[in-house]
Amino acid sequence: MQNISINIEKKEFLNYENKIKPHIAIKNFNLEIAKGQFCSIIGPSGCGKTTLLKLIAGLDKAYTGSISFGKNKAVYNLNKAFMFQTPRLLPWLNVQQNVEVVLNKNQKKNEISKKFLSIMGLEKFLDYYPNKLSGGMQRRVALARSFATQPQLLILDEPFTSLDEPVANLLRKMLLELWVKQPTTIIFVTHDINEAIYLSDKIVFLSKPPSKVLKEISINTKRPRKMDNNIIQKIKNKILKENKSILKGEL
Amino acid sequence: MSVINNSLLIKLLSFILLLIFWLIIASILNIETLPSPLDVFFKLQKDLSNGSLIYHLSITLYRVLVSFLLAMFIGVAIGILMGNNKKIDNILDSWNIIFLNIPALVLIILSYVWFGLTELAAIIAVSLNKIPNVIVTIREGARAVNRDLLQVAEVYKVNKTKKFTLFYLPQLYPYLIASARGGIALIWKIVLVVELLGRSNGIGFKLHEFFQFFDITSILAYTFAFVVIMVAIENFFFVPLDRMANKWRT
């Protein structure tokens with residue numbers, strides 16, 4: 001009974017120049033995510049995906065509604081990890097320190113950080129500063145950091161954008177491998193439907209703002225899937241045929 | 001490596017050149033008010049051996065250190081508060097501008113008048129002169145802090161001490177080092193004035209005494225000793241500190 005339920009009545013932003021008419025980013029948003037599920041969220045640009053993730057992560061608490069897990073326990077208390085659109089590494093710490101910094105003192109920092117960085121193929125770069133690494137390597141450090149905390153909930157916000165396709169593919173594979181080794185619930189935001197089909201158990205399509213859930217589609221194809229495979233194309237075509245303008249946030 | 005050695009060599013040569021100029025001009029003019037560097041050197045040696053220079057130098061350095069630490073500590077704390085909180089910034093901003101523009105001499109005189117000719121008054125006067133500068137620099141730094149990195153600390157529930165020392169403070173390093181370097185240079189000059197006006201020991205007091213006897217040789221000897229110490233602090237403390245803090249940039 002560790003499902004995550006997200007019920008947001010309303011999330012609005014006050015516009016300082018126009019206080020009368022606040023911008024409503026999210027309204028009547030209801031979503032249930034099963035424990036251990038890989039759930040992708042797709043929505044048109046500006047529909048409030050990042051806002052939603054911030055609410056789930058507890059970075060923004062100004063909303064009405066509830067985000068809970070199990071029997072009404074606040075998601076805030078879950079052990080969470082967040083992989084942002086950019087790697088957000090601390091430039092003054094080396095690769096290993098960047099992972100260790102988010103671990104607490106009861107954990108075997110040295111052992112854990114080395115373990116996850118080796119899985120990411122970074123064992124030779126432990127003492128490198130982030131500015132010496134390529135964009136793809138920086139994201140691998142961020143991914144290692146996310147899993148090192150052994151999160152119960154992992155949130156990823158378009159983590160592989162602005163990478164070239166082979167590197168992005170490698171990272172997607174690494175993400176899935178880590179997830180198999182260390183199962184956790186994942187919420188993954190993307191605008192790339194192929195990526196979503198490749199990775200997820202469930203894809204959630206969001207509407208234009210004020211954002212709500214348009215449609216949930218389960219992907220039951222067996223893993224490992226192949227990114228350039230017909231099956232993914234077929235699923236994609238089927239979804240888009242049945243729901244022509246779903247990527248624009250309309251039904 | 002050769003580039004570094006070269007630049008060091010050039011610096012050394014240019015310093016020696018300065019001494020030679022001084023020597024030539026002093027021997028041409030041959031007046032009492034411009035002693036030659038050799039006279040100054042012998043005087044320095046004498047004052048060093050009888051201990052008086054060391055005594056006054058250490059007193060002045062002690063005052064510099066205490067007022068520097070006080071000014072940095074208070075300035076950094078207020079600067080961070082003002083940089084992070086618009087309300088506090090609005091309240092304290094005009095005060096800060098006033099203190100920034102009161103002449104050092106006025107603060108020194110007022111401090112002596114209000115708190116007496118005491119050590120405390122001297123330290124307060126010096127610190128008050130520096131604090132507004134520290135505040136202005138650190139506030140700028142606090143405003144420029146990258147909130148994205150702080151969010152990382154929040155999501156992973158990093159504890160407050162770690163968040164401050166590893167996520168927040170390193171972002172202020174360039175501002176801290178800039179204000180510390182500028183601070184120490186400003187502070188030691190003000191300390192001398194404070195000593196001249198109301199203390200009975202320290203370099204400033206001695207300079208005043210030498211001035212009354214027109215003892216230029218001693219004035220130069222004391223000044224030289226003090227400048228050497230301050231340059232040493234810059235080179236053996238601030239430069240390595242700066243290098244350490246910026247290791248990741250290279």
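Throughout, protein chains are lettered first and strands after them, A, B, ... in sequence-line order, and every chain is numbered starting at 1. Keep in mind the model is a prediction, meaning the values are calculated, not measured.
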State whether the number of non-hydrogen atoms from other residues, nucleotides or ligands found under 6.0 Å of [X] atom [atom1] is greater than 12.
X         : atom1 : result
Phe238(B) : CZ    : yes
Lys202(A) : NZ    : yes
Lys124(A) : NZ    : no
Lys173(A) : NZ    : no
Lys10(A)  : NZ    : no

Heavy-atom pairs under 4.5 Å with chain B - which of Asn131(A), Asn79(A), Leu59(A) has more of them than the others? Leu59(A)
Measure [X] against the heavy atoms of chain B and call it side chain, backbone, both or neither at under 4.5 Å.
X         : value
Tyr128(A) : neither
Ile155(A) : neither
Ser146(A) : both
Leu78(A)  : backbone

Who in residues 92-102 of chain A is close to chain B, using a strict under-4.5 Å heavy-atom cut-off? Trp92(A), Leu93(A), Glu100(A), Val101(A), Val102(A)
Do any of [range] have a heavy atom less than 4.5 Å from a heavy atom of chain A, and if so, which, in residue order?
range                       : value
residues 168-184 of chain B : Pro170(B), Gln171(B)
residues 141-158 of chain B : Asp148(B), Leu149(B), Gln151(B), Val152(B), Glu154(B), Val155(B), Tyr156(B), Lys157(B), Val158(B)
residues 66-96 of chain B   : none

